[in-house]
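Data first, discussion second: the structure below is written as C-alpha cells.
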Amino acid sequence: MPAKKAVVVKKTIVKSKKTTSTVTTPVKGRAAAKQFAPSAVLKCLEKGVNCTKLVEQRCTFCHDKTVQDVVNAILENGTRYTMADLRYDLKNKRLEMLPPGSKAGVLPAGKERPPAPREGEPLPEATLDEFFCFLQCQLRMELLQHTKNHLKLCDKEAEQMWPDVEAFITPNLGATERWVPYHTILGVHELFLVEKIHSRKDWSDKQKFQAMFIFRAHCKRDLFMQAQLPIMEKKQFWSNPVKAFSEGGEMEKSILNYRKKTGNPLITSCFRIIPPRVLKDDDANLVRSIISRTDALLRLSDEAWPVVQHKSMSAADKMKKLSVMIQETPHCGETWAKMLTCCMDLAYPNLKLLESQCDVGTGAAPPLKCLMGQKCSGNRTKDLMQLQQQVNSSKSKHAQNFWKTLGEAEDDIKNKFKQFPLICAQAKTQKQGMSAVTLQVQLCEYRQYRHSLARLQYGLADDENMRGEPDAGSRSGPDNYIEVDEKRKVVTFVFPEDASKKPFDVPLKPLGGRVNIGKRVAYMCFKKLQDEAPRAEVEKLRDDLVKTYVDAEDVPDDSEAWKICRVSSMKDPCAVVGFQRTMKDGSTVPFQTTIVAAGGYLEAERVARLCWAKFEKGASKDDVKKYRDSLYKKRGSIEISPAGRPVQKRAKK
C-alpha cells in the first residue's frame, strides 16, 4: 500500500464571492490508493537522499518523474524499479506522490557522508580464493548462531575478512530472516520446519508434508505456533484441511484475531508480496490473501504427495513434474518452485531431488560469471558444473583450509543436533564433494557480501561486477498505467514501449459512464499491445469492444469479482473467464464462462461476475450453471476473429 500521506490534492475553498484560497490536503487510506495514478508525479524527500547509496540512487532517479515513467525502468545498477519498490519508498517516506502535472522542485541536498575506510581505493576483484575465505566465515557465523562456539579459522586471510563478513551478516539476522548459512537446513525457516513439523511423532508423513506447505504460505513462526498449530492439533482438522482454510472459516478467524491481538507481521519480510485488494479492511485483506494462497498450496500438496512417494519415477522426472505443478498453481511461479522443491529435498534427502537440477538463478549468475572469468561460456548450467569441478579439485591453501574448517564445523553441528536426523544428514559433506545446489546458494550469499563490502568499506553503491541482468521477460502490468481522466471522460494510458508517448483512450460515454468497464477495455487493449499487436489493430479491437457493450445488470463497482473474473487470454479466440470457489463443505468448485457462448469478452466477464456473486450468496454450482445459461440465452453467441475481435453475431436459437 502507498504511504498514508503520500498523495495530496488541492481544494479550493470559497470564503466569499470575491475571495478564494487554495490549501493542500493529504489524502488517506483507500482514497489515496484510488489516486495512485500512473501520471502522478514523484518527489524525492530528504529521507530519500540520506539513506544507503543504492536506495539514494533510485530515489533521486524517481524525482520529478511520473509513476508510469519509473515503474519497470532499468536503474543504474541494472535492476528494474518495480511497483513494490515504489510502494516501499512511499511507505518509508523517501518519496512523496504529487497530483498529475505537478512540479517536484529542486532535489533536496543530502547530508555529507563520512568517508568510507577505503574510499578512493579500487575494489579488489572477486576470486575463487576469496570465495573459499568467505565460506569459512559463513561457517563461523553458523556455529556462533547455533552452538555459541567461536570457530577458529586457521586461514589468516579468512580471519582478516571476518569483520567485513560479520558486518554483512549481522543486519540480516533476527526479524529480517534474510541470511542463508552454509548448511541451508540451518536457515531460520528450514530449521523451524525440522524442529516443529518434521520431528513430530503424532502426525503422519503426509500430514507433515501438508503442514510444511501451510507454513510456507507465510513463513512466520509465531503466526504458525499461536494461530494455526492449535487448530491443526485437533483431529478433525486433518479430515479436511482445505475446509479449515475456506473463506470466513476457522483458520481465517484465528489469523485475523492473532493480527488484532499482537499486531505482528503476517508474512516474512523475504516475501515482497502485495496482496490484491479484495476486502476493504487492510488486515482482513492480508489475511484473506494468506488463506487463498494456503488453499492453493494445500491442493498442490495433495497432487505432489503421490509424486514424492512414487517408487519407480526417477529423481529428475520427479523434479521436473513437481516444478511444473508448482508453477501452474495460483499465486506461485518459478521462485516458489525453487523454494518448495528445496524444502522437499531437505525433508526427503534420500530422494536426491536437486542432484540432477542445476538451473542457475539470477542471484547466482553474476558471481558465477566473475569467478569463471574468461572460461565463462554463457551457458549457466554448464558453467556451474565447471565451477563446481574447480571448487572440488582446487589445491590452493584457502581451499584446503576451507575443507578442514568444514569438517570441524560439521562435527559440532552433528553433536548439537544429534536428535534431528535430517540435520545430521546434511552435515556429512564428503571432502571435495560440494554439491551444485550448495554452491549456487553460497554464490548468492557471496554476491550480497560483495555488495556490502563495496558500500561499507569502499563508499560505493554496490559491486558493479556483481550486478544482475534485468529480466527481459519482466513487463509492467496494465494496472500500473491505466488511469481515469475525468475532465475528458476517458480511461487512458500511455503504453511504455510507444516512443511517441501518445495516449490510448477509451471513451466512457458509449459505456454509460461505467469506469470499471472502461478500465477492462483499456486492460485488454494494453495486453494486446504487449503481445506486439499493431496499434491500429488494437484501436479496432477497442472500438469493437465498445460497440458490443450492453448496459445490463452487473455487480457493484467494489466487488472483488472485478479482480478475479478476467478473460484468460487475448490471443485465444476460444478463451474463457474462469475461477474457483470454495464451498461451505470445503470442496472446491471450478467455474467458467466462454467468450463464444456469452457474446464477447465484456459479456463473458460480466456473466462470470454475476455468477461469482451468486456463489457469494450460497448458491449451488447447479443453480449457478442454470443462471449462467439463462444469461447466455439473452445474448446469443458471437464469432471471434483470429485478431481477437468480435466480428459476427449469430442468431439466437
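All values below were derived from every heavy atom in this structure, side-chain atoms included, with hydrogens, water molecules and symmetry-related copies excluded.
- Contact annotation: the side chain of Leu322 approaches that of Leu353 to within less than 4.5 Å [non-hydrogen atoms, C-beta and beyond].
- Without hydrogens or angle criteria, Asn50 side chain to Lys111 main chain gives a donor-acceptor distance under 3.5 Å.
- Sparse packing is recorded around NZ of Lys196, with 12 or fewer heavy atoms of other residues, nucleotides or ligands lying under 6.0 Å away.
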With side-chain contact (heavy atoms from CB on, under 4.5 Å) as the test, would you mind laying out the steps for Phe168 and Arg450 before giving the verdict?
CA-CA 9 Å; Phe168 151 63; Arg450 290 283 303 185; over 6 Å; no
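- Remark: side-chain polar atoms of Ser289 are paired, donor with acceptor, to backbone N or O of Leu286 under 3.5 angstrom.
- Put simply, the side chain of Lys318 gets close to the backbone of His310: a donor and an acceptor are under 3.5 Å apart.
- Of the inter-residue distances, the one linking Leu45 atom CG with Leu107 atom CG reads 10.0 Å to the nearest 0.5 angstrom.
- More than 12 heavy atoms of other residues, nucleotides or ligands shown are found within 6.0 angstrom of CD on Glu119.
- A salt bridge links Arg216 to Glu190: at least one charged side-chain nitrogen sits closer than 4.0 Å to a carboxylate oxygen.
- Closest heavy-atom contact between Val49 and Cys44: CG1-SG, 3.7 Å.
- At least one side-chain heavy atom of Lys375 sits less than 4.5 Å from a side-chain heavy atom of Gln390.
- Remark: the Gln138 side chain and the Tyr446 side chain contain no N/O donor-acceptor pair separated by less than 3.5 Å.
- The salt bridge (Lys or Arg N to Asp or Glu O under 4.0 Å) analysis of residues 150-160, with sequence neighbours excluded, yields the pairs Arg140-Glu159.
- Proximity of Arg447 to His451: side-chain heavy atoms (C-beta onward) are separated by under 4.5 Å at one or more points.
- Formation of a donor-acceptor pair under 3.5 Å by the Glu445 side chain with backbone atoms of Pro181 is not found in this model.
- With hydrogens and angles disregarded, a donor-acceptor distance shorter than 3.5 Å links the side chain of Asp383 to the backbone of Ser377.
- Between atom NZ of residue Lys428 and atom CD1 of residue Ile413 there is a gap of 13.0 Å, rounded to the nearest 0.5 Å.
- The closest donor-acceptor contact from the side chain of Lys220 to the backbone of Pro265 lies at 3.5 Å or more, if one exists at all.
- Distance alone, capped at 3.5 Å, places no donor-acceptor pair between the Asp89 side chain and the Leu86 backbone.
- Checked by atom type and distance alone, the side chain of Ser301 pairs as donor or acceptor with a backbone atom of Leu298 at under 3.5 Å.
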Checking Ser323 against Gln327 for the side chain to side chain donor-acceptor pair (under 3.5 Å) test, could you report, in this order, the C-alpha distance in whole Å, the side-chain angles of both residues, the deciding distance, and whether it holds?
CA-CA 6 Å; Ser323 182; Gln327 292 187 58; 3.2 Å; yes
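- Note: Phe420 CZ to Glu195 CD = 4.5 Å, rounded to the nearest 0.5 Å.
- In this structure, the ring of Tyr81 has its center no less than 6.0 angstrom from the ring center of Phe61.
- In this view, Glu56 and Arg113 satisfy the salt bridge (Lys or Arg N to Asp or Glu O under 4.0 Å) rule, not counting sequence neighbours.
- A search for salt bridge (Lys or Arg N to Asp or Glu O under 4.0 Å) contacts involving Asp164 returns Arg118, not counting sequence neighbours.
- Scanning both residues, Pro349 and Gln426, for their nearest heavy atoms gives CB-NE2, 3.9 Å.
- We find the CG-NZ distance between Leu193 and Lys208 to be 12.5 Å, quoted to the nearest 0.5 Å.
- You'll find the side chain of Thr268 stays beyond 4.5 Å of the side chain of Val188, heavy atoms only.
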Taking it one step at a time, do Arg293 and Trp336 satisfy side-chain contact (heavy atoms from CB on, under 4.5 Å)?
CA-CA 12 Å; Arg293 186 160 54 251; Trp336 279 88; 3.7 Å; yes
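- Gln442 has its side chain out of reach of Met434: every pair of non-hydrogen atoms, C-beta onward, lies at least 4.5 Å apart.
- Listed here is the closest heavy atom pair of Gln400 and Lys395: NE2-O, 3.0 Å.
- The CG atom of Leu406 sits 5.0 Å away from atom OG1 of Thr429, with the distance rounded to the nearest 0.5 Å.
- Here the closest non-hydrogen pair linking Phe417 and Leu191 is CE2-CD1, 4.1 Å.
- A 4.5 Å side-chain heavy-atom check between Gln448 and Met466 finds every atom pair outside the cut-off.
- Taking the six-membered ring where the residue is Trp, Phe131 and Phe134 present parallel rings, their angle staying beneath 30° rather than reaching 60°.
- Within 6.0 Å of NZ in Lys321 there are 12 or fewer heavy atoms belonging to other residues, nucleotides or ligands.
- Distance check, rounded to the nearest 0.5 Å: CG of Asp69 to OG of Ser39 gives 10.0 Å.
- The aromatic rings of His198 and Tyr348 lie perpendicular to each other, with more than 60° between the two planes, well past the 30° mark.
- Inter-residue side-chain proximity for Phe132 and Asn401 is flagged as unmet; no heavy-atom pair is nearer than 4.5 Å.
- Of the possible donor and acceptor atoms, one in the side chain of His146 sits under 3.5 Å from a partner among the backbone N and O of Leu186.
- Considering every non-hydrogen atom in both Lys404 and Cys154, the closest pair reads CD-SG, 4.2 Å.
- The two atoms that bring Lys352 and Ala315 nearest to each other are O-CB, 3.6 Å, heavy atoms only.
- Counting non-hydrogen atoms of neighbouring residues, nucleotides and ligands closer than 6.0 angstrom, the CD atom of Glu46 reaches no more than 12 such neighbours.
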Run Leu346 and Val194 through side-chain contact (heavy atoms from CB on, under 4.5 Å) and show every step you take.
CA-CA 9 Å; Leu346 293 173; Val194 171; over 6 Å; no
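- With Asp345 contributing its side chain and Thr341 its backbone, the two residues share no donor-acceptor pair below 3.5 Å.
- Classification of the His189-Phe215 ring pair by plane angle, with boundaries at 30° and 60°, yields perpendicular.
- A side-chain N or O of Asp129 and one of Ser396 form a donor-acceptor pair less than 3.5 Å apart.
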Run the numbers on Trp179 and Met141 for side-chain contact (heavy atoms from CB on, under 4.5 Å), then give the verdict.
CA-CA 10 Å; Trp179 176 59; Met141 182 59 81; 3.7 Å; yes
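- At least one side-chain heavy atom of Met319 sits less than 4.5 Å from a side-chain heavy atom of Leu354.
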